[in-house]
Amino acid sequence: MNLTTEQNNIRKEAAAWIDESVMPFSNIWEEKQELPREVIDAFAGRGYFGAALPKEWGGLGLDSISFGLLCGEIARGSVSLLSRLTVHNMASQAILRWGTPEQKARFLPTLATGEKLGAFALTEPEIGSDAVNIKTRISETGGGLLVDGVKQWTSMGDRADVFLVMGGLAEGTGAAAVLVERNTEGLSTEEMKNLLGFRAAGVSKVTLDKCRIPLDNLIGNLGGGFTYVASHALDHGRYCVGWGGVGVMDGCLQACVDYAANRKQFDQPLRGHQLIQEMLANMAMDYEAARALALQCAVQREEGDPNSIMSTAMAKYFSSRASLRVASDAVQIHGGNGCGDEYPVQRYFRDAKICEIIEGSSQMQQLMISRAVCMSRKRRKKERRK
Ligand SMILES: Cc1cc2nc3c(=O)[nH]c(=O)nc-3n(C[C@H](O)[C@H](O)[C@H](O)COP(=O)(O)OP(=O)(O)OC[C@H]3O[C@@H](n4cnc5c(N)ncnc54)[C@H](O)[C@@H]3O)c2cc1C
């Protein structure tokens, strides 16, 4: 697929910034387990927090392809940085799709510039994949809402100004999605340290101790929290993660081609050995296949094709698994050096594993994809006979 000049320019500009301002530092951020404020400010200054928001709200208004390419470049530099954009964008997109005009005017302009940062809080200590059974409760009280519960693994929890929180309503009445602002009484966060990867993503535990919020902070309807708001946000999250895997594979391939050209064993560069060539070939195939799938779903999203939801799940599933294979081979090609922090491949490897778990684990994607394929094949069989 040919990219337009504009799409190419967006990718090239992002790549140059990533090479200069992110790549040289991302191992250090992971080691220190924090992303410096200046980096967030520089990221915001480039408009990237509002990259997928329309210009009318102060965003860059990127099309899906450009936004995907941008996500890939960011992940090549730092998956932690991409994960911050991912959850910020999930909250922003939920407001854009399901917010009232007043809510859009209240939240989107500052989310677009990055003056305010967003997070997505669904997972809890006891509940992850089985999200409909979350324990956080949202109830109506004195003209407002009461939010009570504990969230865990909330990326950007260290810095977020506004949390999109999912909670269950009274028995049998579904769930709701609400915006809880940082300064709400009863909200506190605690960073989760020493994770396998995503160490600079500000992943936190978020306690919502009987937080009172105005009814105006309800996104969508009471009862529609999962069906509409969370599923929309998660679809955007998967899109970012799918492209993130493409970026990880891109980074791994580059690192391996460079390393295998310079490192000599048995009197020749590693790339001259056939078993290394086999790994490079498989890595390249995984990268190209994941990129093609991500581009296909980008086009479908641009066209408003309802199949894009399933394509996005497929792209996320394939890309996160493929990036783990690729990153594993990248460490292998680097040998002992692949296990140290002089090279980026060990970081890619750790982050790739996490991409298989977030925004619906690989198993959840398999369930979703297999259900959809059974239905679509049934339809296709009938149509073939017509
Ligand atoms: C670094 C990091 C960042 C994260 N950021 C966020 C965030 O910003 N916001 C947020 O809300 N969450 C976030 N998460 C949480 C993440 O989305 C969950 O970890 C994920 O949904 C899985 O939930 P769980 O960990 O509770 O695992 P569980 O649901 O307990 O599952 C454990 C294992 O069992 C498998 N499994 C579960 N049910 C089935 C089944 N029916 N069939 C087959 N296998 C099954 C799962 O695939 C998984 O492998 C983050 C997690 C990590 C590690």
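In what follows, every heavy atom counts, from backbone to side chain, and hydrogens, waters and symmetry copies are set aside. When a ligand or atom number is given, it counts from 1 through the structure's own listing order.
- For ligand 1, the polar-atom distance check finds an N/O of Trp153 within less than 3.5 Å of one of the ligand's N/O atoms.
- Of all the heavy atoms of Ile357, the ones lying under 4.0 Å from any atom of ligand 1 are found in both the backbone and the side chain.
- At a heavy-atom distance under 4.0 Å, only side-chain atoms of Ser361, from C-beta outward, approach ligand 1.
- For atom 7 (C) of ligand 1, the nearest protein heavy atom is under 4.0 Å away.
- Within a 6.0 Å radius of CD in Gln366, other residues, nucleotides and ligands contribute more than 12 heavy atoms.
- Ser319 places a side-chain N or O within 3.5 Å of a backbone atom of Gly242 that can act as its donor or acceptor partner.
- For the pair Arg182 and Phe163, the NZ or CZ position fails the cation-pi test of under 6.0 Å to the six-membered ring centre and within 45 degrees of the ring normal.
- Near Val87, with a cut-off below 4.0 Å to any heavy atom, the atoms of ligand 1 are 8 (O).
- Regarding atom 3 (C) of ligand 1, its nearest protein heavy-atom neighbour is Ser155 OG, 3.4 Å.
- Listed by atom number, the atoms of ligand 1 under 4.0 Å from Thr154 heavy atoms are 7 (C), 8 (O).
- Shown here is Asn282, whose CG atom has more than 12 heavy atoms of other residues, nucleotides or ligands within 6.0 Å.
- Around the CD atom of Glu383, the shell of radius 6.0 Å holds more than 12 heavy atoms that belong to other residues, nucleotides or ligands.
- Taking only nitrogen or oxygen atoms, main chain and side chain alike, Asp130 does not reach within less than 3.5 Å of ligand 1.
- The main-chain N or O of Leu196 is found under 3.5 Å from a side-chain atom of Arg350 such that the two form a donor-acceptor pair.
- Remark: ligand 1 and Met364 share no N or O pair separated by less than 3.5 Å (distance only, no angle test).
- Protein heavy atom at the shortest distance from atom 49 (O) of ligand 1 is Gln363 OE1, 3.3 Å.
- At under 3.5 Å, a nitrogen or oxygen of Phe120, whether backbone or side chain, sits near a nitrogen or oxygen of ligand 1.
- Within a 6.0 Å sphere centred on CD of Glu181, other residues, nucleotides and ligands contribute more than 12 heavy atoms.
- For atom 15 (C) of ligand 1, the closest non-hydrogen atom on the protein side is Thr123 OG1, 3.2 Å.
- Within the 4.0 Å cut-off (strictly below), a protein heavy atom is located near atom 26 (O) of ligand 1.
- We find that Lys193 and Glu191 are joined by a salt bridge, their nearest charged nitrogen and carboxylate oxygen being less than 4.0 Å apart.
- Within 4.0 Å of atom 32 (C) of ligand 1, not a single protein heavy atom is present.
- Arg37 CZ: more than 12 foreign heavy atoms inside a 6.0 Å radius.
- The atoms of ligand 1 that sit less than 4.0 Å from any heavy atom of Ile354 are 1 (C).
- Using a 4.0 Å threshold on non-hydrogen atoms, atom 11 (O) of ligand 1 counts as touching the protein.
- Looking at atom 29 (O) of ligand 1, its nearest protein heavy atom turns out to be Ser129 OG, 2.6 Å.
- Salt-bridge annotation for Arg325 and Asp286: present, with a side-chain N of the basic residue lying under 4.0 Å from a carboxylate O of the acidic one.
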Extract all donor-acceptor atom pairs below 3.5 Å that involve side chains of residues 81-91 and protein atoms in other chains or at least two apart in sequence.
unit_1 : atom_1 : unit_2 : atom_2 : d
Ser83  : OG     : Ser80  : O      : 2.9
Arg84  : NE     : Ala200 : O      : 2.9
Arg84  : NH1    : Asp158 : OD1    : 3.0
Arg84  : NH2    : Asp158 : OD2    : 2.9
Arg84  : NH2    : Ala200 : O      : 3.0
Thr86  : OG1    : Leu82  : O      : 2.8
His88  : ND1    : Gly118 : N      : 3.0
His88  : NE2    : Phe49  : O      : 3.4
His88  : NE2    : Leu111 : O      : 2.8
Asn89  : OD1    : Gln93  : NE2    : 3.2

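- No salt bridge links Arg291 with Glu288; every basic N to acidic carboxylate O contact stays at or beyond 4.0 Å.
- Looking only at protein heavy atoms, the nearest one to atom 2 (C) of ligand 1 is Ile358 CG2, 3.8 Å.
- Against a heavy-atom cut-off of under 4.0 Å, Gly128 is close to the following atoms of ligand 1: 23 (O), 24 (P), 26 (O), 29 (O).
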